[in-house]
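Input: one structure, supplied below.
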Amino acid sequence: MPEKTYDHQQIEMKWYERWRDAALYRAEVDRTRPKFYVLEMLPYPSGTLHMGHLRNYTIGDALARYKWMRGFNVLHPMGWDAFGLPAENAAIARGLHPRDWTRANIEEMTGTLRRYAFSYDWSREISTCEPEYYHWNQWFFLKMLERGLAYRKKALVNWCPECATVLANEQVVDGCCWRHGLVAVEQRELEQWFLRITAYMEELLADINRLEGVWPDRVLAMQRNWIGRSEGTEADFRLESTGQPVRVFTTRVDTIFGATCVMLAPEHPLVGEIGPREQERAKGLIDLRGRKDLAGLEKEGFFTGRYAINPYNGERLPVWIANFVLMEYGTGAIMAVPAHDQRDFEFCRKYGIEVRPVIRPVDGALADADTMTDAFVDDGVVENSGEFSGLASAEARRRMTAKAEAGGFGKAAITWRLKDWGISRQRYWGTPIPVIHCERCGIVPAPESELPVRLPLDIRITGRGRSPLENVPEFINVACPACRGQARRESDTMDTFIDSSWYFYRYCDPRNPRAPFDPDVIDYWFQIDQYIGGIEHAILHLIYSRFFCKVMRDLGLVRHSEPVKNLFTQGMVLKDGVAMSKSAGNVVGADAMAEKYGADTGRLFVLFAAPPEKELEWQETGAEGMYRFLGRTCRFVTRNIERARAGAAGSPDADRKALRKLHQTVRKVTQDLETRWHFNTSIAAVMELMNELHALESELSGAVLAEASEKVVLLLGPFIPYLTEELWEELGRQGPVFRQPWPTYNPELAREEEAEIVIQVNGKLRGRFLAPFGASREELEQRALAHDKIRSFLAGKQVVKVIVVPDKLVNVVVR
RNA sequence: GCGGAUGUGGCGAAACUGGCAGACGCGCCAGCCUUAGGAGCUGGUGGCCGUAAGGCCGUGGAGGUUCAAGUCCUCUCAUCCGCACCA
């Protein structure tokens with residue numbers, strides 16, 4: 001029987017055609033079986049689909065196939081169409097209607113993607129860009145509005161001039177738009193819709209510590225940081241002139257006797273009351289501040305001529321306005337304690353304000369104000385602080401806070417960094433916010449029966465910063481649902497992160513016309529067992545979706561509080577040391593890859609070259625190596641089919657060796673995939689097996705060849721769907737590989753006959769010998785000491801001790 | 001500054017609870033086969049010394065624990081990432 005050369009083009013097209021419309025990963029739900037829900041956050045493919053995009057897909061797919069073979073019900077939809085955003089961009093660029101573009105895009109993209117993915121394309125059932133989906137966005141919005149979780153207010157918001165829309169805080173990266181790297185975000189004051197994510201911030205923070213599954217520390221740290229809880233004390237410093245309180249927030253109230261001035265943010269409301277000149281100068285500070293890189297900014301400020309009274313000691317402190325004090329954080333005012341805060345120190349030294357140490361190190365003396373060069377910022381012992389002198393910092397904080405509460409001039413306070421989620425966008429593409437503005441009735445929610453509020457299809461996209469919806473009278477002009485008078489429909493649309501916050505719920509029940517989903521169905525599939533994605537979603541999507549989950553729970557829709565059990569962040573794919581991305585212009589296109597070596601080679605390389613959490617430097621030569629391996633495997637299996645079938649005889653010795661390696665490999669791959677996803681070592685193990693099989697090939701019996709071929713195909717099934725499918729058919733077997741049971745191993749066959757015992761002298765490898773498993777310590781010791789080579793090392797020395805690790809090694813300690 | 005990681009051959013990386021460092025692959029070298037090969041096959045490949053047998057060194061660095069350390073402890077250096085005048 002001639003061997004078959006590996007023709008990836010032919011094989012992959014054949015199986016792609018055959019499987020393209022099959023719902024491969026849609027489980028016929030048998031609730032008695034265990035379930036596995038794996039999902040990837042694909043970066044939305046707004047351009048060329050490249051190997052960087054496909055990496056997380058490949059990981060998830062391998063896992064899904066493996067779980068399936070292990071007898072799980074698997075839900076494994078493609079996650080990529082969750083965002084409407086790229087559709088809008090491209091529509092503007094191409095002058096196409098977004099809706100058409102989205103459909104065209106789906107067809108265009110899924111050609112390659114599906115050739116890689118080999119799984120069910122759920123984007124055919126759900127596109128978040130369409131009314132069937134945004135109906136339920138609107139429904140959620142109304143529920144939140146009812147509960148006060150959605151509200152509208154005038155606020156200073158981030159504005160991306162390139163997108164011509166507002167952005168949420170989470171979507172501003174380094175002062176720039178997350179989508180337009182170099183475009184600086186401006187601040188504008190606008191009426192905006194917000195979701196009250198802060199209502200859940202305590203829970204969002206607390207639950208980080210309660211996640212049962214595995215989340216990367218990095219992501220947890222980023223979320224903690226972003227939520228930014230900080231415990232401290234608020235205290236009022238009264239203005240000497242008017243008696244008006246200036247409330248400050250501090251985490252170090254124990255240093256308050258060292259306060260030597262009070263500082264206001266330039267935007268602080270009190271600035272206006274102090275005087276027009278001061279207001280003018282404060283404005284100057286704001287402008288100087290610019291919009292980027294606050295950290296590198298030179299500290300500037302000025303004295304207002306006013307004084308405020310320290311409530312703890314009655315001291316009269318000058319009131320300053322300083323550019324580094326932020327209105328958005330705390331109360332917008334601080335007390336400056338230059339001796340114990342580095343920023344205050346720098347500011348006060350610059351302007352000649354007194355530095356007064358009041359905390360000394362536990363085992364040291366108070367610093368000298370004149371000679372200190374840096375603030376002493378650690379906790380210590382409080383000095384020169386009236387009744388609190390001599391206390392440790394922590395204790396002083398407690399007592400001083402208590403005093404403020406008792407005296408009515410302050411309280412313990414917790415400050416959060418997290419702000420409410422601004423969801424208004426002045427884009428066309430997005431879910432219309434379902435409210436109506438009526439002059440008489442105010443803001444009136446659209447009646448639930450009228451959902452979905454549909455986007456008009458006939459629009460012109462201007463990119464001018466006002467929603468194009470405002471120019472569509474049929475959309476804008478409506479009757480007020482309450483009074484029937486003339487009213488205007490809200491023209492803002494929702495942030496598309498709303499879509500992505502719950503799309504994975506809808507995947508479980510995509511056609512439900514009555515509700516976002518059936519809670520019973522959700523109950524079976526959720527939580528997501530394994531979510532896979534890039535680190536870039538650590539604070540955006542992953543906080544929003546956690547928030548959404550808690551809201552849905554409080555609406556009685558779901559019974560869990562966290563959507564994702566285990567989160568995995570895969571490493572980026574680099575090309576020449578830079579993350580593969582369209583903007584960097586260094587992509588290895590999936591099309592080109594599939595053309596040249598095939599999707600199987602691409603998948604295998606991505607899985608083999610590095611463990612999934614690590615970054616992966618793309619190397620063409622590495623892919624070639626994988627291609628060679630596939631070719632060798634293909635030829636080996638096909639050229640032995642005849643001999644296997646004929647049941648040819650072979651050498652028992654070679655058979656035994658081959659079977660041992662085979663069963664060891666099944667064990668190793670199973671362990672590697674079960675406990676940790678070490679795809680790379682799994683694949684390496686199969687390669688080792690193939691090397692051994694090649695070496696023994698001519699001596700193997702038909703039966704062993706048959707068993708080996710079959711198991712190799714099954715072991716590789718999760719990684720290289722096309723070739724294994726083809727070989728499975730060549731072997732005369734029926735049905736998709738991933739519906740076969742995972743191969744089993746026989747521990748008896750896998751066992752080595754003899755143990756190789758290593759002999760060390762003083763911990764250094766000096767020799768080795770074979771011994772039966774389970775040999776006694778005494779026997780091993782004796783044989784080691786009798787070993788020729790060891791004897792030469794022992795000559796003239798005294799054996800102090802012999803350590804024996806059964807079946808492993810003997811270490812002889814000599815002097 | 002705060003927080004999170006990561007350091008092993010020429011390269012990507014292995015090494016499960018401390019027990020043979022470098023599996024597997026790439027690259028490179030030699031050979032075979034071929035009209036030819038950017039195809040296939042065989043062998044070699046951490047460094048230094050040695051014709052060889054063999055020896056010494058070797059997991060960022062310095063100490064320590066141990067019969068035994070890439071793995072545990074202490075300190076330190078370097079790189080990457082996230083946040084950042086957050087009071």
Side-chain angles (χ1 to χ4, degrees), chain A residues 5 173-174 216-226 228-230 232-233 248-253 255 263 265 289 293-299 322-326 328-337 340-344 346-347 377 415-417 535-536 538-539 572 604-605 608-611 613-626 628-629 631-632 635 668 671-672 675-676 678 680-691 694-695 756-768 789 800-805 807-814:
Chain A
T5 46
V173 179
D174 287 338
D217 288 344
R218 195 162 48 138
V219 173
L220 298 179
M222 281 164 79
Q223 292 212 358
R224 267 188 213 108
N225 217 312
W226 188 259
R229 182 190 140 105
S230 150
T233 307
V248 305
F249 173 76
T250 177
T251 54
R252 291 297 305 275
V253 69
T255 65
M263 297 200 244
R289 187 145 77 185
D293 220 7
L294 230 52
L297 197 68
E298 172 73 18
K299 291 176 180 50
N323 64 344
F324 70 92
V325 180
L326 303 172
E328 312 87 77
Y329 187 77
T331 59
I334 63 168
M335 62 169 191
V337 185
H340 303 295
D341 182 288
Q342 188 58 30
R343 295 154 301 174
D344 297 349
E346 283 164 28
F347 187 86
V377 297
T415 294
W416 302 80
R417 217 186 79 112
I535 187 72
E536 66 274 15
I539 44 178
M572 286 181 297
L604 199 64
F605 174 71
F608 174 74
E613 69 276 10
K614 272 205 139 180
E615 289 183 341
L616 165 66
E617 174 68 31
W618 184 265
Q619 282 181 340
E620 190 85 352
T621 53
E624 275 175 34
M626 294 308 103
R628 280 204 287 270
F629 171 70
R632 263 202 311 275
R635 291 192 304 273
K668 162 108 180 111
Q671 280 168 358
D672 278 359
T675 54
R676 8 174 242 175
H678 283 203
N680 53 339
T681 52
S682 299
I683 295 165
V686 181
M687 285 174 168
E688 268 185 74
L689 170 64
M690 288 309 296
N691 290 344
H694 271 112
E756 191 183 43
I757 307 294
V758 169
I759 314 173
Q760 295 178 337
V761 177
N762 286 345
K764 283 197 172 153
L765 174 69
R766 294 302 180 196
R768 54 187 78 211
K789 260 194 74 187
V800 179
K801 197 174 179 184
V802 179
I803 283 120
V804 181
V805 182
D807 299 341
K808 266 200 182 137
L809 79 117
V810 177
N811 189 9
V812 185
V813 187
V814 299

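We name chains A, B, ... by the order of the sequence lines, and we start the count at 1 in each one. Computed from a predicted model, the values in this text were never measured in an experiment.
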In this structure, how many angstroms lie between the C1' atom of C81(B) and the CD1 atom of I539(A), rounded?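 After rounding, the gap between these two atoms is 13 Å.
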Do the side chains of M263(A) and V325(A) get nearer than 4.5 Å, heavy atoms only?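 Touching, per the 4.5 Å side-chain cut-off.
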For the P atoms, the ones on C16(B) and on U65(B), what distance do you get once it is rounded to whole angstrom?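 Approximately 25 Å lies between the P atom of C16(B) and that of U65(B).
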Consider the side chain of F608(A), meaning its heavy atoms from C-beta on, and name the nucleotide among C20(B), G12(B), C26(B) that approaches it most closely.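 So the nucleotide nearest the side chain must be G12(B).
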Mind checking who C80(B) pairs with, Watson-Crick or G-U wobble, both distances under 3.5 Å?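 Looking at the geometry, C80(B) pairs with G4(B).
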What nucleotide among A15(B), A13(B), G12(B) has an atom nearest to a side-chain atom of N680(A)?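 Of the options given, the side chain of N680(A) lies nearest A13(B).
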Decide yes or no for T681(A) and F608(A): does some side-chain heavy atom of the first lie under 4.5 Å from some side-chain heavy atom of the second?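 A side-chain contact is absent here, since even the closest heavy-atom pair is not under 4.5 Å.
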Compare side-chain N and O positions of R766(A) against OP1 and OP2 of G55(B) and report whether any pair is under 4.0 Å apart.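 Yes.
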For G63(B), give its Watson-Crick or G-U wobble partner with both distances under 3.5 Å, or none.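 Per the H-bond distance test, C73(B).
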Name the nucleic acid region contacted by N691(A), choosing base, sugar-phosphate or nothing; use a 4.0 angstrom heavy-atom cut-off, strictly under.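 Since only primed, P, OP1 and OP2 atoms lie under 4.0 Å of N691(A), the category is sugar-phosphate.
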Does a distance-only test, which skips hydrogens and angles, find a donor-acceptor pair under 3.5 Å between the side chain of R768(A) and the base of C20(B)?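 Yes, the side chain and the base share a sub-3.5 Å donor-acceptor pair.
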RNA chain B: 5'-proximal contact among N762(A) and R343(A) (nearest heavy atom):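 Result of the comparison: N762(A).
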Considering only side-chain heavy atoms of T681(A), which listed nucleotide, A14(B), G4(B), C20(B), is closest?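 So the side chain of T681(A) is nearest to A14(B).
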Using a 4.0 Å heavy-atom cut-off, does R417(A) contact any base of the nucleic acid, only the sugar-phosphate backbone, or nothing at all?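 Counting heavy atoms under 4.0 Å across all strands, the contact made by R417(A) includes a base.
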For R224(A) and C2(B), is the shortest distance between a side-chain N/O and OP1 or OP2 below 4.0 Å?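 Negative; the distance criterion is not met.
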If you measure from the P atom in C75(B) to the same atom in G4(B), how many Å do you get, rounded?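 The same atom, P, in both gives a distance of 15 Å.
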Whole-angstrom distance between G18(B) and A84(B), as gauged at atom C1':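 G18(B) and A84(B) have their C1' atoms separated by 40 Å.
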Pairing check on A52(B): which nucleotide meets the Watson-Crick or G-U wobble criteria with it, both distances under 3.5 Å?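 The base-pairing partner of A52(B), which may sit in any strand shown, does not exist here.
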Between the side chain of N811(A) and the main-chain N/O of I759(A), is any donor-acceptor distance below 3.5 Å?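 No, the answer is negative, given that no donor and acceptor are paired below the 3.5 Å cut-off.
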Suppose you measure atom P in A53(B) against the same atom in G61(B); what distance do you get, rounded to whole Å?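 Straight-line distance between the two P atoms is 29 Å.
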Please classify the nucleic acid contact of G625(A) as base, sugar-phosphate, or nothing, using heavy-atom distances under 4.0 Å.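 Touches sugar-phosphate only.
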G43(B), syn or anti by chi within 90 degrees of zero: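 In terms of base orientation relative to the sugar, G43(B) is anti.
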Across the strands shown, which category fits E615(A) at heavy-atom distances under 4.0 angstrom: base, sugar-phosphate, nothing?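 Sugar-phosphate contact only.
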Would you say the side chain of F249(A) lies within less than 4.5 Å of the side chain of I334(A), judging by non-hydrogen atoms?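 I334(A) does not reach F249(A) side chain to side chain.
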Would you kindly give the CD-to-C1' distance between E688(A) and A13(B), to the nearest whole Å?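 My rounded result for the distance is 14 Å.
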Looking at F324(A), is K299(A) sitting on its ring face, NZ or CZ under 6.0 Å from the six-membered ring centre and within 45 degrees of the normal?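 Yes; both conditions hold, so K299(A) lies above the ring face of F324(A).
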What is the pairing partner of U34(B), taking Watson-Crick or G-U wobble pairs with both distances under 3.5 Å in any strand?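 In the structure as shown, U34(B) has no Watson-Crick or wobble partner.
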Mind checking if M626(A) touches a base, just sugar-phosphate, or nothing, with heavy atoms under 4.0 Å?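 Since only primed, P, OP1 and OP2 atoms lie under 4.0 Å of M626(A), the category is sugar-phosphate.
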How far does the P atom of C83(B) sit from the matching atom of C24(B), given to the nearest Å?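 My reading of the P atoms in C83(B) and C24(B) gives 42 Å.
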Near R218(A) CZ, under 6.0 Å, is it more than 12 heavy atoms from other residues, nucleotides or ligands?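 Not more than 12 within 6.0 Å, no.
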Which heavy-atom pair separates T250(A) from M335(A) by the least distance, and what is that distance?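 Closest heavy-atom pair between T250(A) and M335(A): OG1-CE, 3.7 Å.
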Let me know, please, whether Y329(A) or A610(A) comes out on the 5' side of the other along RNA chain B by nearest nucleotide.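 On the 5' side of the pair lies A610(A).
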Whole angstroms only, please: what is the CD-P distance between Q223(A) and C2(B)?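 Rounded to the whole Å, the gap is 23 Å.
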So Q619(A), base contact, sugar-phosphate only, or nothing? Heavy-atom distance under 4.0 Å.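 Q619(A): backbone/sugar contact only, no base atoms under 4.0 Å.
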Nearest to the R635(A) side chain among A87(B), G40(B), G4(B), which nucleotide is it?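 Shortest atom-to-atom distance from the side chain points to G40(B).
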Where the side chain of A609(A) is concerned, which of C20(B), G12(B), G27(B) is the nearest nucleotide?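 Comparing C20(B), G12(B), G27(B) against the side chain of A609(A), the answer is G12(B).
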From C-beta outward on F324(A), which listed nucleotide comes closest to its side chain: A15(B), C85(B), A87(B)?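 Of the options given, the side chain of F324(A) lies nearest C85(B).
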Taking the C1' atom of each, how far is G37(B) from G46(B), in whole Å?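 It comes out at 32 Å once rounded to the nearest Å.
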What is the distance, rounded to the nearest whole Å, between atom CG of D341(A) and atom P of A84(B)?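 About 18 Å, once rounded to whole Å.
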Return the nucleotide paired to G10(B): Watson-Crick means purine N1 to pyrimidine N3 with N6-O4 or O6-N4, wobble means G-U with N1-O2 and O6-N3, both under 3.5 Å.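 The base-pairing partner of G10(B), which may sit in any strand shown, is C26(B).
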So what does N811(A) hit on the nucleic acid, given a heavy-atom distance under 4.0 Å: a base, only sugar-phosphate, or nothing?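 Base contact.
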Would you check if R635(A) and R632(A) make a side-chain contact, meaning some heavy-atom pair closer than 4.5 Å?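 R635(A) reaches R632(A) side chain to side chain.
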Under 4.0 angstrom between K764(A) side-chain N/O and A21(B) OP1 or OP2: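 No, K764(A) has no side-chain N/O under 4.0 Å of OP1/OP2 on A21(B).
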Just wondering, do N225(A) and I539(A) contact through their side chains at under 4.5 Å, heavy atoms?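 They are not in side-chain contact.
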So what does V805(A) hit on the nucleic acid, given a heavy-atom distance under 4.0 Å: a base, only sugar-phosphate, or nothing?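 Here V805(A) touches the bases of the nucleic acid.
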Applying a 4.0 Å non-hydrogen cut-off, can you work out what P216(A) is touching in the nucleic acid: base, sugar-phosphate, or nothing?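 Counting heavy atoms under 4.0 Å across all strands, no contact is made by P216(A).
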Quick one: is C26(B) close enough that its OP1 or OP2 comes under 4.0 Å of any side-chain N or O from R628(A)?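 For R628(A), the contact criterion (side-chain N or O under 4.0 Å from OP1 or OP2 of C26(B)) is met.
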Could you tell me whether the side chain of K801(A) has a donor or acceptor atom within less than 3.5 Å of a complementary atom in the base of C67(B)?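 Side chain to base: no pair below 3.5 Å.
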Please determine if a side-chain N or O atom of K614(A) lies less than 4.0 Å away from the OP1 or OP2 oxygen of U6(B).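 Answer no for this pair, as no side-chain N or O of K614(A) is under 4.0 Å from OP1 or OP2.
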When the C1' atoms of G9(B) and G58(B) are compared, how many Å lie between them, rounded to an integer?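 Rounded to whole Å, the distance is 10 Å.
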Would you state whether a donor and an acceptor, one from the side chain of Q760(A) and one from the base of C20(B), lie under 3.5 Å apart?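 When only heavy-atom distances are counted, Q760(A) does not reach the base of C20(B) through any donor-acceptor pair under 3.5 Å.
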Using the C1' atom as the point on both nucleotides, what is the distance between G38(B) and U51(B), in whole Å?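 To the nearest whole Å, 38 Å.
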Looking at the side chain of N225(A), which of A5(B), G82(B), A87(B) is the nearest nucleotide?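 Closest of the options to the side chain of N225(A): G82(B).
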